[in-house]
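Scroll down for the structure; my scribbles are underneath it.
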Amino acid sequence: MLVSQLYAPTLRETPAEAEVVSHQLMLRAGMIRKAAGGVYTYMPLALRVLRKIENIVRQEMDAKGSQELLMPIIQPAEMWQETGRWNVYGDEMFRLKDRHNRDFCLGPTHEEMITTLVRSDVRSYRQLPLKLYQIQNKYRDERRPRFGLMRGREFIMKDLYSFDKDEEGLAKSYDQMYEAYTTIFNRCGLTFRAVEADGGAIGGSGTHEFMVIADSGEAAIVYCPSCDYAANVEKAELKAILMPEEELENLSVIDTPGTKSIEAVTNLLGISAAKTIKTLVYNTDKGVVVALVRGDHEVNEIKLQNIVDCLTIELADEKTVSEMLGSTPGFIGPVGIKIPMLIADTTVMNLYNAVCGANTPDKHYRNVNAKRDFSPTVVADIRLIQENDPCPHCDLPVKTARGIEVGQVFKLHTKYSKALKATYLDENGREKPMVMGCYGIGVSRTMAATIEQNNDEYGIVWPVAIAPYHVVIVPVSPKDEAQMSLSNTIYKTLTTSGIEAVFDDRNERPGVKFKDADLIGYPLKITVGPKTINENIIEVKVRRTGEIFYFDVNNYLEEIKALLARI
RNA sequence: CGGGGCGUGGCUCAGCUUGGUAGAGCACCUGGCUUGGGACCAGGGGGUCGCAGGUUCGAAUCCUGCCGCUCCGACCA
């Protein structure tokens, strides 16, 4: 490709709307342009990167015996109504009507579509297992699209669905996909971690997320430096903490004027937050729920949501709290509370002589003891893990990090096959639901995550495997015929040898061409200048390390191949 | 959903308070000059000032409504 012809208009300044580095650099490098909030055009350089990621994905999916197909983006409402997700999905689903006023949506995912397809064609255990995937645009009308391609409303996803005859088969498919994902993200040159995760809206249990480690990541994860445990904080389980045993004192009410926060209460009473109970009131679609955790702990709303089995959950406002409980936030407590759902964290049950709100403004209870003074509807782990909490596997302290979720593998079991009656006949002629899994990779997000992890002050630093081109050839003086001619020869030589090269033939000063090369992030840059002409040596600079190599002008091809293989 | 900020040429922004013929830098076109890290000189093209109303002799500027973009928040009691 000649740079004079390449449609990659670079920007010297960063557009004001871009917050994260991947977004900034993709705009500046002429890779993407915004069409609407969370909706982008992929320009030629970006598309080349996407195709490379897709091809790696294809190779690894096919290597596990999967087959690619392509399903419609426009999906009829009926199949979504059959699983109940037409309503569950809510405002995140792009909905539309056809001329006959029939409801459709733009596919946010394809469990309904694929299951409906497979149920009509697969009847026998002999046809299983089956693994089908596609790579296409997905549509989710995000509450808050942001960070460029990181959280778009239209994005490219690889989604694979596995159909097995039993749990054993599913476990095998799941393991195969887990392996394939590990290979894929390694091949893309990413530093990532597979973490245990929560099922979320897609449903099912048993799931891992593949997280690219980056400070700009939206997800918080914990990992254990001592064993191999790693999880999304939403998922990380915690055991009850045992507190030193004490004599049970008599319950008493104390005045605590103006102490609306745990911190204020502990300061006033001179006690540790670990001796208090924090009481939170939530509004859910299953009604009002009260949650209890130790004062220095935080509620994991995902865990709570799973226990309540609700779709929406948010902290109740002051008005709701007053109406329900006759007190204000800050002075709520579990003793004598009248509420249908009182959920206590396991550690709360181990507290002795604790302090909590007395359900009267400016009053707290002292010497509250769980089993004696109140009885929760449910006692469960509803606590959010924090740095230095004990690892669920080895009890040593965990660390926290941030990650970008680029892939997720799910065990769906029979959730969709039962809802959509996708069954097969087993060896004994008995009808059984297929056992399903689903496996997604955010292809466009992977591109953005790669940039988040591979950039410097000058621009992008592509890993060779997914770089838009491998090499850029920059002649220093466009008016110098010898330089231009040699550059062209090198360009032709590399191109015919299967090395993807661009030749910057523009009539620009060298600085402009160097800056653009660094911004776009070609792994190698060949500079053709007076030295090249006079001394017959080619200068090759490695984008990532800045190392410079000199190769003989008559024998550089193998050297460059070796260099590309090594970096 | 709530709150803030912003909307002026492709990009970054000034002008708005105090209404009076729309500006700069970058980018783009032409010519010259230059060529090892975003040169310089001269000339040039390009903007219904987000949209719709209103006030006014006159609106980018004041008022109202809407739209879009963006950030933050959505209460840890």
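Side-chain atoms are counted along with the backbone in the values below, which use heavy atoms only and exclude waters and symmetry mates.
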Side-chain heavy atoms of A/N353 within contact of A/N369, under 4.5 Å: yes
Contact check, residues 363-381 of chain A vs RNA chain B, heavy-atom distance under 4.0 Å, returns none
Over 12 non-hydrogen atoms of neighbours within 6.0 angstrom of CD in A/E17: yes
Rounding to the closest angstrom, what is the interatomic distance between B/C26 and B/G53 at atom P? 38 Å
Under 4.0 Å, counting only non-hydrogen atoms across every strand here, what does A/T14 touch: a base, just sugar-phosphate, or nothing? sugar-phosphate
Who pairs with B/U34 - Watson-Crick or G-U, where each distance is under 3.5 Å: none
Can you list every pair that meets ring pair (Phe, Tyr, Trp, His ring centres under 6.0 Å) and has a residue in residues 513-533 of chain A, with sequence neighbours left out? none
A/Y282 and side chain to side chain donor-acceptor pair (under 3.5 Å): which partner among A/E314, A/E301, A/Q305? A/E301
Separation of the C1' atoms in B/C16 and B/G23, to the nearest angstrom: 14 Å
What's the separation between atom CE in A/M31 and atom CG in A/L519, rounded to the nearest 0.5 Å? 10.0 Å
Spacing of the P atoms in B/C57 and B/U48 (rounded, Å): 27 Å
Under a 4.0 Å heavy-atom cut-off, which of residues 335-353 of chain A touch RNA chain B? none
With a non-hydrogen cut-off below 4.0 angstrom, is A/E508 in contact with a base, only sugar-phosphate, or nothing? base
So what does A/E314 touch, heavy atoms closer than 4.0 Å: a base, only the sugar-phosphate, or nothing? nothing
Decide yes or no, distance alone: a donor-acceptor N/O pair under 3.5 angstrom between the base of B/G37 and the side-chain of A/K525. yes
Sugar-phosphate only, base, or nothing, as touched by A/P510 at under 4.0 Å among non-hydrogen atoms: base
Side chain to side chain donor-acceptor pair (under 3.5 Å) partners of residues 35-44 of chain A, not counting sequence neighbours, each pair once: A/H23-A/Y40
Answer with base, sugar-phosphate or nothing: what part of the nucleic acid does A/G37 contact at a heavy-atom distance below 4.0 Å? sugar-phosphate
Nearest heavy atom decides the nucleotide; on that basis, is A/T259 or A/T532 closer to the 5' end of RNA chain B? A/T532
A/E17 CD - B/C72 P separation (whole Å): 15 Å
What is the base-pairing partner of B/C26, counting Watson-Crick and G-U wobble geometry with both distances under 3.5 Å? B/G10
Once the angle between the rings of A/F94 and A/Y139 is folded into 0 to 90°, is it parallel (under 30°), tilted (30 to 60°) or perpendicular (over 60°)? perpendicular
For A/G529 and A/V476, work out which heavy atoms get closest and say how close. CA-CG2, 3.8 Å
What's A/Q483 touching, base or sugar-phosphate or nothing? Going by heavy atoms closer than 4.0 Å. nothing
Just checking A/K278: base, sugar-phosphate only, or nothing, at a heavy-atom cut-off of under 4.0 Å? base
Go through A/K286 and A/M341 one step at a time and tell me if the side-chain contact (heavy atoms from CB on, under 4.5 Å) criterion holds. CA-CA 10 Å; A/K286 294 275 175 79; A/M341 277 284 267; over 6 Å; no
From B/U35, B/C76, B/G37, nucleotide with atom closest to A/D518 side chain: B/G37
Return the value, rounded to whole Å, for the distance between atom CG of A/N507 and atom C1' of B/A27. 16 Å
Considering only the C1' atoms, how many Å lie between B/C33 and B/A14, rounded to the nearest integer? 32 Å
What is the nucleic acid contact for A/L27, judged by heavy atoms within less than 4.0 Å: base, sugar-phosphate only, or nothing? nothing
Checking A/N350 side chain against A/I241 main chain: does a donor-acceptor pair fall under 3.5 Å? yes
Would you mind classifying the nucleic acid contact of A/R33 as base, sugar-phosphate or nothing, using non-hydrogen atoms under 4.0 angstrom? nothing
Taking only the P atom of each, what is the distance from B/U12 to B/G65 in whole angstrom? 28 Å
Just grab all the salt bridge (Lys or Arg N to Asp or Glu O under 4.0 Å) pairs involving residues 340-367 of chain A, residues at least two apart or on different chains. A/D255-A/K363
Base, sugar-phosphate alone, or nothing: which one does A/P9 contact when heavy atoms must sit under 4.0 Å apart? nothing
A/E209 side chain to A/V195 backbone, donor-acceptor under 3.5 Å: no
If only atom types and distance count, is the side chain of A/R153 paired as donor or acceptor with the main-chain N or O of A/V39 below 3.5 Å? no
Residues, nucleotides or ligands: over 12 heavy atoms within 6.0 Å of A/K97 NZ: yes
Classify A/V474 by what it touches in the nucleic acid, base, sugar-phosphate, or nothing, heavy-atom distance under 4.0 Å. nothing
Examine the base of B/A74 for any acceptor or donor lying under 3.5 Å from a partner atom in the side chain of A/R143, and report the outcome as yes or no. yes
Would you indicate which nucleotide in B/G73, B/U34, B/C76 comes nearest to any side-chain atom of A/R144? B/G73
Protein within reach of the bases, or only the backbone? For nucleotides 38-44 of chain B, mark each nucleotide 5' to 3' as B, S or -, using heavy atoms under 4.0 Å. BB-----
Assign A/A291 to base, sugar-phosphate, or nothing according to its heavy-atom contacts below 4.0 angstrom with the strands shown. nothing
With a non-hydrogen cut-off below 4.0 angstrom, is A/S477 in contact with a base, only sugar-phosphate, or nothing? sugar-phosphate
Pair partner, B/C69 [Watson-Crick or wobble, under 3.5 Å]: B/G5
Which one is paired to B/U48, where only Watson-Crick or G-U wobble pairs with both distances under 3.5 angstrom count? none
